[in-house]
Every structure is written in structure tokens, then in C-alpha cells.
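Note on naming: letters A, B, ... go to the chains in the order of the sequence lines (proteins, then strands), and numbering restarts at 1 for each one.
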Amino acid sequence: MAKNETSVPEYDFAAIEKKWQQRWDEQRLYKATDNPDPDNKFYMLVMFAYPSGDIHMGHFRNYIIGDAVARRQMMLGKDVLHPFGWDAFGLPAERAAIVRNIHPDDWTNQNIGVSRKTLQRVGISFDWSREVASCAPDYYRWTQWMFIQLFRKGLAYRKKGFVNWCPEDKTVLANEQVKDGCCERCGTIVEQKEQIGWYFKITDYADRLIDDLEDLDWPANVKTMQREWIGRSYGLEVDFTIEETGEKLPIFTTRPDTIYGVTFMAIAPESDIVGKLNMDDRHAAAVAEYRRKTAMRSNIERSSLTDDKDGVFTGKYAINPYNGEHVQLWVADYVLAGYGTGAVMAVPAHDTRDFAFARRYGIPIRVVIHPDENTTLDVNTMDDAFVEYGPMVNSDRFDGRAGKEAIDAVSTYAEEQGFGRRKVNYKLNDWSISRQRYWGCPIPIIHCDTCGSVEVPESDLPVVLPPVENFKPRGRSPLADVPEFMNVRCPKCGGEAQRDADTMDTFVCSSWYYLRYCDPHNDREPYEKKKVNAWLPIDLYIGGITHATGHLIYFRFFQKFLHDIGWARDTEPAKVLFNHGMVMDAHGEVMSKSKGNVTSPITLTEQRGVDIGRMAMFFTAPSERPVLWSEDSVTGVEKFVTGKLYPTIAEYRGSDPDLKQRFNDGELSKPEFKQYIKLNQTAKRVNESYERLQFNTAIAALMELVRDYNPSDITNDALNDQIILKTIQMVAPLAPHIAEEMWQLAGFETSVFNSSWPEFDPEAIIGDTVEVAIQVNGKLRDTVIVPAEPDQETVEAAAFASEKIQTYTQGKQIIKKIFVRGRLLNIVVKG
RNA sequence: GCGAAAGUGGCGGAACUGGUAGACGCGCUGGAUUUAGGAUCCAGUUCUUUACCGAGUGGGGGUUCGAGUCCCCCCUUUCGCACCA
């Protein structure tokens with residue numbers, strides 16, 4: 001064996017990790033350029049983290065995936081931007097600070113320090129010179145700037161309305177922060193409360209937010225969730241008339257073809273239409289009582305009563321403009337005040353909810369759609385509404401029309417007659433952003449009795465969050481009790497005025513952070529456009545699925561807005577999105593402190609080393625699937641790294657090979673050629689695995705390569721050394737420290753991450769012989785070994801030479817033969 | 001209830017456009033080494049069987065020379081939506 005006798009030091013991971021983390025830092029290996037080549041750049045982004053103090057396995061997994069991608073992109077010669085920062089405002093800091101009796105600012109900064117150190121310890125290739133924290137005045141100054149831009153375009157406005165109110169956190173929540181009727185953060189049942197606050201008019205962007213999903217390379221489920229959340233539907237708005245007052249009562253419907261089947265109308269209890277009806281005392285009292293009752297019910301109670309529709313009659317009637325019919329007007333809580341016009345036309349025969357309601361209160365049911373020409377529906381035997389399309393009946397001039405065509409005809413008629421118009425509705429509501437809390441970005445608005453809501457002049461930004469002793473929640477913003485903060489002069493008229501006391505939803509802060517990374521220290525503007533346009537769009541954005549209908553809609557909205565006002569070229573922030581799977585314990589349970597089943601990446605890496613921890617995480621499952629973490633995940637990978645991979649460096653012969661050199665069959669011995677083939681097959685497989693973020697199969701391929709590597713068969717030093725060096729390069733993005741150490745032991749003075757990612761020799765993927773499967777009638781009966789790239793005759797000759805094949809074909813009629821190049825021959829026989 | 005995705009050994013998981021199912025690893029079994037344990041190495045490991053044969057990717061049907069992969073029905077799991085008119 002041509003073994004190099006220089007002794008290789010033992011694998012001391014602690015020393016190796018420390019050494020390389022220090023050197024990488026000194027060399028500024030991860031420092032991103034300000035002037036990337038736009039055709040050769042890679043913006044690798046992982047989601048902003050909340051600095052809770054400990055980095056858990058979920059973070060670890062998220063960041064090592066991004067890290068592997070970033071490091072490989074470096075080796076592919078790209079200009080790489082791989083930044084990190086902190087989503088540092090928000091309730092948890094405020095609560096922790098209350099409990100510990102320290103200031104949220106101190107608590108947050110301490111945690112950032114600890115978390116940053118942990119991330120550095122696990123060797124993530126973040127460019128820390130670009131770190132941002134959303135609670136820093138030089139960051140939130142520009143969050144306020146963003147608010148002002150929206151305000152100037154009329155896209156930030158203040159209104160009084162019903163909002164989600166968390167009684168525990170004592171603050172307003174956005175729809176996106178309410179889960180199953182409960183506060184997403186603390187689980188308390190959310191109440192509806194009338195409150196004045198600021199909104200972003202995201203609904204203006206609803207169409208673009210849906211339509212532009214088309215071109216995004218995002219997981220299909222996220223796109224579907226966003227489409228459903230925005231909830232676009234096309235329909236007709238029809239003006240019914242209130243009988244006595246003659247007032248218009250517009251309603252929205254997606255089924256104009258059922259309009260002759262309307263037998264009653266229903267109004268949402270919260271709708272202000274209810275107040276305009278002129279009800280007599282008896283009905284007014286009943287309605288008031290009903291409204292009071294609904295107000296007390298929480299959202300979950302209301303939605304869980306799906307089958308049990310109730311309501312109350314107003315004593316009033318409305319007129320259907322199509323046929324002049326007078327129908328009863330009810331108040332019912334299955335109608336939502338916040339969608340459409342807050343009132344609906346009810347067609348019991350063709351809507352499940354209306355059907356249940358009509359049956360309960362004995363309201364007439366009239367069939368106006370038949371399943372088809374030959375089938376008629378009988379009201380008396382129906383046990384549910386018929387909701388499909390079909391020909392219209394009992395519908396005057398429209399009888400016989402069906403489906404989309406019917407809807408068109410009915411809609412056009414309304415438009416011609418002037419009592420209706422085609423309309424698009426959305427489930428998406430405007431984004432409520434006011435929070436009655438201390439630890440957030442102050443809203444840069446001054447309220448003046450004469451001038452109204454006035455923006456703080458840009459030169460006065462940031463509006464600094466004042467130091468406050470007592471920031472306990474009391475149901476209104478703690479800032480409201482700080483007169484030095486609140487009382488200011490109006491920037492317009494100079495009169496006495498008051499600041500807005502609320503702070504912004506932290507999702508505002510995280511809606512533009514990816515732009516700030518491109519120019520994080522700019523103190524004249526949020527960022528230089530040129531820099532943002534050079535780095536954007538994000539080439540790969542990695543995070544958990546939890547943000548599908550929150551952050552991932554908000555930041556698309558911001559990007560589009562900034563595009564519209566000339567601050568960004570791109571209309572979408574991230575071309576590719578990837579959701580990694582969760583990390584759970586060995587039994588598939590979510591890790592949590594209360595369950596006591598938390599494994600810390602810090603402990604893991606201290607005991608086994610960072611690279612082993614990373615490799616184990618990568619190897620256990622492909623990146624998008626959940627990982628059930630257990631010690632068994634580590635065993636095999638640890639044996640491989642310390643027992644197989646690392647010792648190969650002792651076989652290095654110091655030939656300083658040209659890694660671009662390709663060998664051909666003739667210049668290598670048979671066993672050498674075999675190993676050369678294996679190397680190139682592996683390079684191909686590893687490449688494909690990296691592209692799909694399937695690092696588990698990349699590791700499997702590398703394990704095979706190292707297993708089959710046999711230096712005693714190799715006399716060609718250049719080949720031997722090429723195998724070793726390329727192995728190191730291929731494993732480097734996954735296990736950076738050990739790879740860098742081996743690279744140095746091989747004699748290199750520059751980083752492995754500055755070397756070129758190995759390409760494979762396409763001529764060396766197929767060996768000199770191949771195994772071809774021989775099937776008879778589609779069943780595998782034998783395999784034959786033939787020279788590479790065989791033609792059909794060669795394989796057939798080999799096949800019919802096989803005794804096994806003969807026993808299956810003898811005395812039978814051969815009908816046809818199917819030959820798949822390099823794969824198989826299928827002989828179809830009869831008899 | 002509606003919608004989507006997924007069901008492969010004892011376990012985590014491989015299998016590109018239909019083409020040799022179970023790569024790689026864990027675990028397990030046997031052997032070597034060792035005073036012993038551990039570690040390491042070698043061999044085996046889908047099921048049934050001594051072996052051959054046969055069966056086999058949740059169940060049932062279909063298309064095809066050939067199906068884990070495509071189509072239909074059913075079951076299970078996970079996720080999302082959940083009165084959106």
C-alpha cells in the first residue's frame with residue numbers, strides 16, 4: 001500500500017471547530033460584497049428569529065440547511081449574501097421583562113448576545129457585519145419611514161371597527177394572529193371589541209397577491225393557503241329595497257341564477273343596517289336582545305353552531321328587484337358583518353345554511369334550479385338544499401338557462417336595469433397594525449385637533465420609544481401615560497397635539513428586513529435602491545410553514561408597494577420558498593419545556609461535535625420532512641465521519657492534482673477506472689441531491705464512495721488524490737469544519753470554500769460493463785453482464801444464452817421483445 | 001363537512017421522465033478479535049421457505065410488454081380551511 005506515513009492527528013472536534021471558526025472570522029470568509037454580479041449572485045435567506053435566548057433544534061435545522069446551500073453556492077463561484085438578524089420587538093420580551101423586573105431592551109439585548117454566540121458556535125456562515133435588530137432605533141426609524149410612505153398613499157388609515165381583542169395580552173390582534181378563535185400566542189379566547197386603530201390597505205393588493213403566485217416557485221400548499229386566505233370570489237351585487245323606507249339594501253351573491261328563489265333576507269347582527277330599519281318596539285326589543293346574546297358569544301361558539309342556525313324576525317320586508325316580491329327580513333348570526341355587505345339574500349332551496357334556517361322557522365322554500373331537464377325537485381321530499389348548477393325554473397324570462405351562462409344573463413340584466421353590478425369580493429381584510437403595547441415600533445403620527453392625523457416629518461425620525469418604568473398592560477398603550485412622549489407640537493400648525501400612543505404589529509418590522517440586509521448601515525435612507533436591486537430577489541427563502549398566511553403575505557405586499565412607489569424593481573421578494581420539516585422527539589411529540597423532552601443543539605454539538613450534529617440532522621430525513629430526533633440518528637453518521645471519512649486524509653499522496661483533469665479508460669488500470677467511475681457517479685448524484693436539498697441522499701452517496709475507495713488498488717497518485725480532494729469538497733457544505741481541516745492537511749493554504757465545486761466527467765458515468773435485467777412477460781428472470789452501451793442483439797444473445805431464460809422461453813412463441821437501453825430486455829411469450 | 005398531501009422491511013428512509021423495489025444508515029443475527037465489556041472488522045438481514053418456487057410498496061379494481069410511480073373506488077394518517085353567501 002502506497003500509504004503516506006505522515007501521521008494524521010486524531011479528530012479533536014472541539015479544537016478543530018474553534019480553530020476554523022476563528023480563522024473564517026479573521027478571513028471574513030462570509031462577508032458579502034456590496035456590488036454583486038447580478039447574473040451570478042445568490043441571496044440565501046432564513047427567517048428572522050425572535051431572540052428568546054436559546055436556539056433550539058428547529059432553528060438549528062433551519063439554519064444548517066441554509067448554511068449548506070450558502071456554502072455550496074460560494075464554491076460554485078457565486079456572490080453570496082447570507083445575512084441574519086432579530087425580530088426583536090414583541091410581547092414575549094415585554095412579558096419576560098415584567099416577570100424578571102428588567103427592561104425589555106436589556107432582556108432582548110442579552111438574549112441576542114447569547115443566541116448570536118450559539119449560532120457562531122455551530123458554524124453558520126452568516127455575514128454578521130449585516131446583522132440587524134428590529135428594536136434598534138436605526139432600524140425602526142425606517143420602519144416608521146415605511147409607515148409614512150403608506151400613509152401618504154392613503155394605504156395606512158385609521159378607523160373605528162370591530163377588532164380581535166386578547167384579554168390576556170390586552171391588545172388587538174390581526175386576523176392572521178387568531179387561531180381557532182384563540183390568541184395564537186397565549187391561547188386565550190379572543191373577543192370582539194370596537195376600537196380605533198391603524199390599518200394597512202392590503203386589500204388593494206388582493207388581486208396581485210393572488211395572481212402573482214402563479215409564477216412563484218413556492219410549495220403548492222403555501223400558494224393554496226394564500227389563495228384561500230385572500231379568498232377571491234366573483235359575483236353580483238344586487239340592490240334589494242326595504243319596503244317602507246325605500247332604502248336600498250345591497251347584497252352580494254355568487255349565485256345570481258338562484259335569485260328567483262329568494263324567500264327571505266338575513267342581516268348580520270353587528271351590521272349598522274339593523275339600526276336603520278324603523279322597527280316597531282316589539283321587534284326592536286327582540287332584535288336588541290338577540291344582538292346582545294350574540295355579542296356575548298365568542299367566535300368559536302358561533303362557528304361551532306354550524307347546524308343550529310338561529311335568528312330573529314324584524315317585522316320588516318324587502319323587495320326583490322327581479323320579481324317585485326316582498327320577503328321577510330331577519331337578523332341572523334350566520335351572516336358575517338365583515339364580508340360582502342353584511343346582508344344576504346336567502347335561497348333555502350339552493351343553499352344549505354338558508355335551508356336549515358328556513359326549515360327551523362317555517363319560511364317558504366322555492367325551487368328555482370333543477371338538476372337537469374328531466375329531473376325535478378320536490379320541496380316536500382328534500383332533506384337538504386340542492387347547491388349544484390342546473391337549468392333555471394320558475395324564473396320568468398331566464399327559465400331554461402343554466403350554469404355560468406345563466407349567471408351571466410342574470411347579472412347583465414341587473415346591470416342593464418341599474419339595480420345591480422358585477423363585483424369581486426375577498427375574505428382578506430385590511431391589516432390591523434395598532435397594538436396597545438410598549439415594546440414595539442412607535443407609530444409616527446401626531447394627532448392634532450385642527451389638522452387631524454399628521455405624519456412626523458422625516459427629519460424627526462425615529463420617534464424614539466421612551467424609557468418607561470411601568471409598561472404593564474392595562475388595556476391601553478403604556479405610552480399613553482408618558483406625557484413627555486405624548487405631548488408635542490403639531491408639525492403643521494404648531495398647536496398643541498398628541499402622539500399616537502400605540503405601537504406597530506411586529507409583522508410590520510419583519511415585512512422589509514430582507515431589504516435592509518442589502519444596505520444595513522445606511523443612515524440617509526432605508527437602503528440604496530441600487531444595492532437592493534442587485535441582490536433581490538431572494539434566491540432561496542427557508543422557514544417554517546407557520547408563516548404561510550401571515551408574514552409571507554405581508555412581505556409580498558410590502559415588496560409590491562415599494563415597487564409601486566419606485567423603491568424596488570422586483571414585484572416579488574422571493575423566487576423560491578422552502579419549508580423545512582419540524583424537529584420532534586423520538587416518539588413524534590413536539591419538543592417543549594413542559595414535556596421535558598427538549599434536546600438542545602448546544603448539548604449535542606458539545607458532546608458529538610458540530611459537524612456530527614449537522615450530518616446526523618441532514619441524514620435522518622430529507623429537509624422538508626419532519627425529523628424524529630434520537631441518539632440513533634447520530635450513531636451511523638458518527639462512525640462514518642470519524643472512522644471512515646477523516647482517516648482517508650492519511651492516504652493523501654501530495655501529488656497536488658489538477659482537479660479538472662479527466663482520465664480515460666486507457667490510462668487507468670481496471671480497478672482504477674472502476675473507482676474513477678464511482679467518483680464521477682457520486683459527484684453527479686451529490687449534485688442532484690444538493691439541488692433538491694435532499695442532503696440525506698448526498699450523504700448516502702458519499703458513504704458509498706468512501707466505502708468503495710481502495711487506495712491499495714490505485715497506483716496513479718493524481719487519481720488517488722483527486723478522489724480524496726473531491727470527497728472533501730463534496731462534504732464541505734455539510735460538515736464544514738472537518739472538511740476545512742482535511743483540506744489544510746492536504747496542503748492547501750486557502751479555504752476549501754474558495755475552491756471550485758467538483759464537476760463530474762460525463763464520459764465517466766458508465767463503466768465498461770453494465771448489468772441488464774432480463775424479463776420474461778414482465779417478470780425479472782435473470783440479469784446479464786454485457787459491455788457498456790450494448791445494442792439489442794448483444795443483450796438478446798446474452799439473454800438466450802442464459803439457462804434460466806431458456807427454461808421460460810423454450811417451446812413458447814415469442815411475440816415481441818422490448819429493449820430499454822442499458823436497462824432491460826423484456827421477452828413477451830405466449831403458449 | 002370541504003380541500004390538499006401522503007401511506008414502501010422491526011425503524012429512519014432510497015427508487016430521475018412507468019423499466020432489476022428496499023440504496024444508505026439504525027437495529028438485529030452469526031462469526032473474528034478481546035480476560036471481559038466496549039470498540040472494530042467480516043457475513044447475513046422484505047416475507048414465507050432448509051432451498052427452489054412463490055408473494056410483496058394501505059385495500060380493491062383498471063391501463064400497460066412492464067406499475068411504488070398513471071387512472072377509478074375505498075380505508076388510514078397528516079396538514080390546511082371551516083357559516084365567506
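Checked against B/rA85, B/rG13, B/rA21, the side chain of A/Leu780 finds its nearest nucleotide in B/rA21. Residue A/Lys639 places its side chain closer to B/rC26 than to any other of B/rC26, B/rG12, B/rA21. In the set B/rC24, B/rU20, B/rG12, B/rC24 carries the atom at the smallest distance from any side-chain atom of A/Met703.
Checking the phosphate oxygens (OP1, OP2) of B/rA14, a side-chain nitrogen or oxygen of A/Asn696 falls inside 4.0 Å. At the phosphate of B/rC24, OP1 or OP2 sits under 4.0 Å from a side-chain N or O atom of A/Arg707. Contact annotation: A/Arg625 does not reach the phosphate of B/rG12 (side-chain N/O to OP1 or OP2, under 4.0 Å). When the side-chain nitrogen and oxygen atoms of A/Tyr339 are compared with OP1 and OP2 of B/rA85, one or more of them lie within a distance under 4.0 Å. Residue A/Lys644 places at least one side-chain N or O closer than 4.0 Å to OP1 or OP2 of B/rC41. Taking side-chain N and O atoms only, A/Ser233 has a distance below 4.0 Å to OP1 or OP2 of B/rA85. One finds no side-chain N or O of A/Arg823 lying less than 4.0 angstrom from the OP1 or OP2 phosphate oxygen of B/rA15. In this structure, A/Lys427 does not reach the B/rA85 phosphate: none of its side-chain N or O atoms is under 4.0 Å from OP1 or OP2.
In this structure B/rG80 sits in the anti conformation; its chi angle is more than 90° from 0.
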Requested in this report: With salt bridge (Lys or Arg N to Asp or Glu O under 4.0 Å) as the test, would you mind laying out the steps for A/Arg359 and A/Asp354 before giving the verdict?
Outcome: CA-CA 9 Å; A/Arg359 274 283 154 88; A/Asp354 300 342; over 6 Å; no
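Under the Watson-Crick or G-U wobble criterion, with both distances below 3.5 Å, B/rU64 is left unpaired in every strand shown. Nucleotide B/rG27 is matched to B/rU45 when pairs are restricted to Watson-Crick or G-U wobble geometry with both distances under 3.5 angstrom. For B/rU57, there is no paired nucleotide, since no Watson-Crick or G-U wobble pair has both relevant distances below 3.5 Å.
Two rings, from A/Phe419 and A/Tyr322, have their centers less than 6.0 Å apart.
Judged by distance alone with a 3.5 Å cut-off, a donor-acceptor contact links the side chain of A/Asn826 to the base of B/rC65. Checked by distance alone, A/Lys309 brings a side-chain donor or acceptor within 3.5 Å of a matching partner on the base of B/rC83.
A/Ser623 is listed as a side-chain neighbour of A/Phe578, based on a closest heavy-atom distance under 4.5 Å.
Residues A/Gln792 and A/Arg821 bring no donor and acceptor atom of their side chains to less than 3.5 Å of each other.
With A/Met617 as the partner, the side chain to side chain contact (heavy atoms under 4.5 Å, CB included) test is satisfied by one option alone out of A/Val634, A/Leu604, A/Val583: A/Val583.
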